[in-house]
Number of protein chains: 2
Amino acid sequence: MERTDPVPGHPHPADPVRRPASQAGMRRQNLALVMAAVADAGPLSRAAVAGRTGLTRAAVSSLVDELMTAGLVAERGPAPSGRVGRPGSALGPDPAGPAGLGLEVGVRHLAACLVDLTGTVRATARADHAPQDRDPADVLRQLADMAQELMDSHPSPTAGAALAVPGLVTPDGVVAHAPNLGWRQVPAAALLAERLPGVPLTVDNEANLGAQAERWLGTGCADAVHVSAEAGIGAALLVGGRLFRGVRGFAGELGHVPVHPDGEPCACGSRGCLERYAGAAAVVRAAGLREPAGDRVADLARRAARGEEPVLAALERAGVALGTALAGVVNLVDPAAVVLGGAYAELGDWLLPGMRREIRARVAVRPWDPGALTVSALGRRGPVLGAAMLTVRGVIEDPARYASAVAAR
Amino acid sequence: MERTDPVPGHPHPADPVRRPASQAGMRRQNLALVMAAVADAGPLSRAAVAGRTGLTRAAVSSLVDELMTAGLVAERGPAPSGRVGRPGSALGPDPAGPAGLGLEVGVRHLAACLVDLTGTVRATARADHAPQDRDPADVLRQLADMAQELMDSHPSPTAGAALAVPGLVTPDGVVAHAPNLGWRQVPAAALLAERLPGVPLTVDNEANLGAQAERWLGTGCADAVHVSAEAGIGAALLVGGRLFRGVRGFAGELGHVPVHPDGEPCACGSRGCLERYAGAAAVVRAAGLREPAGDRVADLARRAARGEEPVLAALERAGVALGTALAGVVNLVDPAAVVLGGAYAELGDWLLPGMRREIRARVAVRPWDPGALTVSALGRRGPVLGAAMLTVRGVIEDPARYASAVAAR
DNA sequence: CTAGTTTGTTTTCCGCCTTTACGAATAGAG
DNA sequence: CTCTATTCGTAAAGGCGGAAAACAAACTAG
C-alpha cells in the first residue's frame with residue numbers, strides 16, 4: 001500500500017513539513033506567530049509579544065511593521081501599564097482590516113454575516129426560504145445578493161468567504177448530496193463565485209464549521225467531539241485545534257455507527273444504526289407524532305418543555321442511543337470535551353441525562369469527567385459564525401499569504 | 001475550558017509550531033529533510049536529493065557534509081547511472097551509524113533486537129519466561145543483560161532503546177497496569193535505565209509500537225487502524241504517519257466499545273463490550289475449552305486449523321463482533337487501512353471473513369474497499385521491531401538532535 | 001579527441017534573526 | 001523639581017544559512 005496522500009484542499013491533519021525551510025518560510029512563520037499572539041492574547045505591546053513568542057524585541061518590531069503596512073495590526077495608542085518604565089503602545093488586530101464572510105444555506109433559512117479580525121460580528125443578514133421548491137442556483141443567487149449588500153455596507157475589505165451546507169461537500173466545493181435541501185451534485189462554489197468575484201470561497205459541511213466556531217468563539221477546546229444531528233448525525237472531530245477529516249474526508253459519520261447490531265433496519269441497508277434511534281425523524285416517529293410542517297427540532301423542544309410524555313420518552317431513548325455511540329467514540333479518541341451542537345443543542349435538557357449516564361457507565365476503565373459533556377454555546381448560529389471565522393483564522397494563521405494576495409492585485 | 005495541553009512525552013499529533021523560527025531551526029529541518037530522503041528513497045546522489053527535496057545542490061552538499069561527519073550518512077562510491085554526464089556518488093544511511101535497540105516483555109517471552117539506520121535487523125535475542133512468578137525488577141534485569149550482550153557484540157553505537165509492554169504505560173515510563181504480566185505501577189523506565197546507562201529509553205504499549213512497525217517496515221500505510229487483541233483489545237490509530245494518542249493518552253481503547261449494549265456483563269461494570277465477544281479469554285470460553293497451559297491464541301489457531309467446530313463458531317462470532325466495532329471506527333475515522341496485528345494475526349483466516357462482511361454492510365453510505373482490511377505482515381514480531389525502529393526513526397526525523405547529543409558527550 | 005551533459009563544489013549575494021547599543025518615556029526617591 | 005532606575009522601541013553591526021551563478025570534474029556520444 002502506498003503512502004496515502006491527503007485529499008487536495010483538505011489538508012492532512014498532521015501534515016509534516018516536506019518542503020525545504022527557507023528564510024522566506026521562516027519570515028512567514030514568525031509573521032504568523034506574532035499575528036496569532038496579537039489576535040489571541042488581546043492588546044499587547046511589542047515587548048510583551050517578544051516575551052510571549054520568544055522572539056527578540058527587534059525582530060518583533062520588524063514583523064509588526066510588516067503586519068501594520070498590510071493592514072492587519074493596528075496601534076491603539078500608549079497603554080499606561082502602571083509599572084515603572086516607558087509604557088508600550090498596545091497592538092491589536094486591526095478592526096478596519098480584512099473581514100470574513102460567512103454564508104449558510106439552512107433547511108429553512110439563508111444567513112450571512114461579516115466578522116472582523118477581532119472576532120466581532122459586524123453585520124448579519126437573514127432570510128427565510130423553502131429550498132425544496134427552488135432551483136439551487138436561484139437560492140445561491142439570493143444568498144450572493146444578501147452577501148453583496150453586506151459587503152457594500154461595510155467599509156473594510158473581505159478577505160474570503162465560506163459557505164455552510166447541511167450535506168456532504170467535496171473538496172472542490174461541490175455539494176454531493178444534501179438530502180434536507182434536495183440538492184445533489186450542486187457546484188455551489190462555482191455558482192457563488194460567479195456572483196462574488198474576487199472573493200476566495202470555500203464550501204464545507206455545516207457541522208464541521210460549527211465545530212470550529214465552538215473552538216474559536218465558544219469553549220475554545222482544541223480536542224473535542226462536536227456532535228451535530230438533525231439530518232444525518234455527524235461528529236466533527238477536533239484534534240489539536242484542527243478538524244480531522246480522515247483519508248478521504250468522510251470521517252465523523254456517526255449516524256451509521258451500530259448501536260443495536262440486530263436492531264431496526266436502516267435506510268443504509270444495515271441494521272441498528274444510531275440514526276434509527278437518535279435522528280430527528282426517528283425521534284418524531286418514536287414520539288408518535290406526524291412530521292411537523294415547520295422545524296422538527298423546535299417542535300420537539302416545545303412539546304418536551306410542555307411535558308408531553310411520549311416526546312420525553314423518545315428523547316430519553318435518543319439520548320441513551322447517542323450516549324452508547326459516543327461511549328465508543330470516547331473510548332476510541334479520548335477527547336477533552338464532547339459538545340452537543342447545532343439544532344440538537346436545544347434538546348440538551350432532555351438528551352444530556354441519558355447520554356451522560358451511558359457514557360459514564362461505558363467509559364469506566366478510564367477516568368471520565370461528566371462535565372466534559374456539554375451543550376454548544378453557539379447552537380444554530382455556529383455554522384455561519386464558523387464560516388466567517390474560517391477566513392479570519394486563515395488570515396491570522398498565515399498573514400503572509402493574505403498580504404501577498406493583496407499585493408498581487 | 002482551557003486549551004488542552006499535550007501530555008508531556010507524548011507529543012500532540014497536530015502540534016502546531018508555537019516557537020519562533022530561527023536559522024538554527026531551519027538548518028535542523030533541512031537536515032531532517034535530507035536525512036529522510038536518503039533513508040526513505042534508497043541510494044540517492046546529492047543532485048537527486050536536491051531534485052527531490054527542492055533544495056539547491058549547494059545546500060544539499062553542505063547538509064550532507066554535516067550528516068556524514070555525524071556518522072549518519074555514508075557514501076557508497078560512484079554510481080554508474082548509464083546516462084550521460086558525470087555520475088553522482090550514491091548516498092545512503094550509514095550502516096555503521098547509530099542503531100536502535102528494541103526490547104519486549106511478552107506474556108511468555110523476553111525479546112531484544114538491534115536495527116541499524118537502513119532498517120536492517122542486525123542482531124536478535126530471545127528467552128522464554130513466566131513473568132507471573134517473578135519480580136518485575138528481576139525480569140527487567142534479565143532483559144537488560146540480554147540487551148547488553150547484543151550491544152557488546154555489535155560495533156556501532158546505540159542511539160536509544162524502547163521497551164514494548166502489553167499494558168498501559170504512562171508518559172514517564174511507568175507500567176501502570178499490565179494484567180497479563182501481573183504488573184502494577186512498575187517503574188520500568190527507571191529500572192531499565194539503571195542497567196543500561198547512557199542509552200535514552202522509552203516505554204510504550206506493545207500495540208502502539210506494533211502499529212508503527214507496520215508503517216515503517218510493513219505496508220507503509222500512514223493512515224491506518226491497527227487492531228491488536230489478546231489481553232485487552234486495542235486499536236492503535238495512525239494519522240498521517242503519527243500515532244494518535246488522544247488528549248490523555250487513552251485513545252484506541254477498543255475493548256470496551258459497546259457492541260451489544262444490553263448484552264453480557266463485562267468486568268468493567270458495563271454490558272456488551274467488545275472484549276466479551278472477541279477477547280482471547282472470551283473466545284476460549286465460547287469454544288467450550290479450558291484455559292490452555294500455553295499460548296491461548298496459538299492453541300486456538302491449532303484447533304481451528306484442525307477444524308474443531310466449536311472453535312470455528314467462536315472465532316466466527318468474534319470476527320463478527322470485531323467487525324461491528326470496527327465498522328463504527330471506520331465510519332468515525334475513515335482510515336486507509338485496517339490491520340489485524342499482534343497475535344491475532346494468526347487467527348486472520350478465521351476472523352477476517354466475519355469482520356469483512358460486517359464492515360462492508362455497515363459502511364454502506366461511504367465507499368469502502370474490502371481490500372483495506374488486512375492481516376499484519378509482521379505479526380508477533382511487530383512490537384520489538386517497532387521498538388527498535390522508534391529510535392531509528394527518531395534519528396532520521398531529527399538528525400540534529402542526535403548529532404548534538406553525541407557532541408555533548 | 002571533441003562536444004555536450006550532469007555532478008559536486010566554490011564564490012558571491014541576500015535575507016532574517018540576534019546582539020549590542022542608544023534615545024525615549026515613565027515611576028519613584030530625594 | 002531633579003535624578004535615577006527601568007522599560008520600551010529602534011538602529012547598527014554581525015553571523016548564519018540558503019539561493020544564484022560560475023567552475024572544475026567525470027562521464028557519454030559522436
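Letters A, B, ... are given to chains in the order of the sequence lines, protein chains preceding strands, and every chain is numbered from 1.
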Basic-acidic side-chain contact under 4.0 Å: A/Arg76, A/Asp94: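 Salt bridge flag = no for A/Asp94 with A/Arg76.
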Lys/Arg N to Asp/Glu carboxylate O, A/Asp204 vs A/Arg245, below 4.0 Å: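 Counted as a salt bridge, because a side-chain N and a carboxylate O are separated by less than 4.0 Å.
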Return the value, rounded to whole Å, for the distance between atom [atom1] of [X] and atom [atom2] of [N].
X	N	atom1	atom2	answer
A/Leu63	C/dG15	CG	C1'	13 Å
A/Glu75	D/dC8	CD	P	14 Å
A/Arg28	C/dG15	CZ	P	17 Å
A/Leu33	C/dC17	CG	P	11 Å
B/Leu91	C/dT7	CG	C1'	12 Å
A/Arg19	D/dA19	CZ	P	12 Å
A/Met26	D/dG17	CE	C1'	9 Å

For a quick test of reading the model: is some side-chain N or O of [X] closer than 4.0 Å to OP1 or OP2 of [N]?
X	N	result
B/Arg86	D/dA24	no
A/Arg46	D/dT10	yes
A/Ser89	D/dG9	yes
A/Arg27	C/dC17	yes
A/Asn30	C/dC16	no

Contact summary for B/Glu75 and B/Leu91, nearest pair of heavy atoms: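 Nearest heavy atoms, B/Glu75 then B/Leu91: CG-CD2, 4.0 Å.
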Nearest-0.5 Å distance, CG of residue B/Leu201 to OG1 of residue B/Thr391: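 Spacing of CG (B/Leu201) from OG1 (B/Thr391) equals 10.5 Å.
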From A/Asn208 atom CG to A/Leu238 atom CG, the distance as rounded to the nearest 0.5 Å: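 Interatomic distance, A/Asn208 CG to A/Leu238 CG, rounded to 0.5 Å: 9.5 Å.
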5' precedence on DNA chain D between A/Arg57 and A/Ser22 (nearest-nucleotide basis):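 With A/Arg57 and A/Ser22 compared, the 5'-side residue is A/Arg57.
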Of B/Gln23 and A/Ala90, the one whose closest DNA chain D nucleotide lies more 5':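 The residue whose closest nucleotide sits nearer the 5' end is A/Ala90.
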Sugar-phosphate only, base, or nothing, as touched by A/Ala58 at under 4.0 Å among non-hydrogen atoms: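 Base contact.
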What's the closest nucleotide to the side chain of [X] if the choices are [options]?
X	options	value
B/Ala47	C/dT18, D/dA19, C/dG8	C/dG8
A/Val84	D/dC8, D/dA22, C/dA27	C/dA27
B/Ser61	C/dT9, D/dT10, D/dG15	C/dT9

Position toward the 5' end of DNA chain C (nearest nucleotide), B/Pro87 or A/Ala24: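 Result: B/Pro87.
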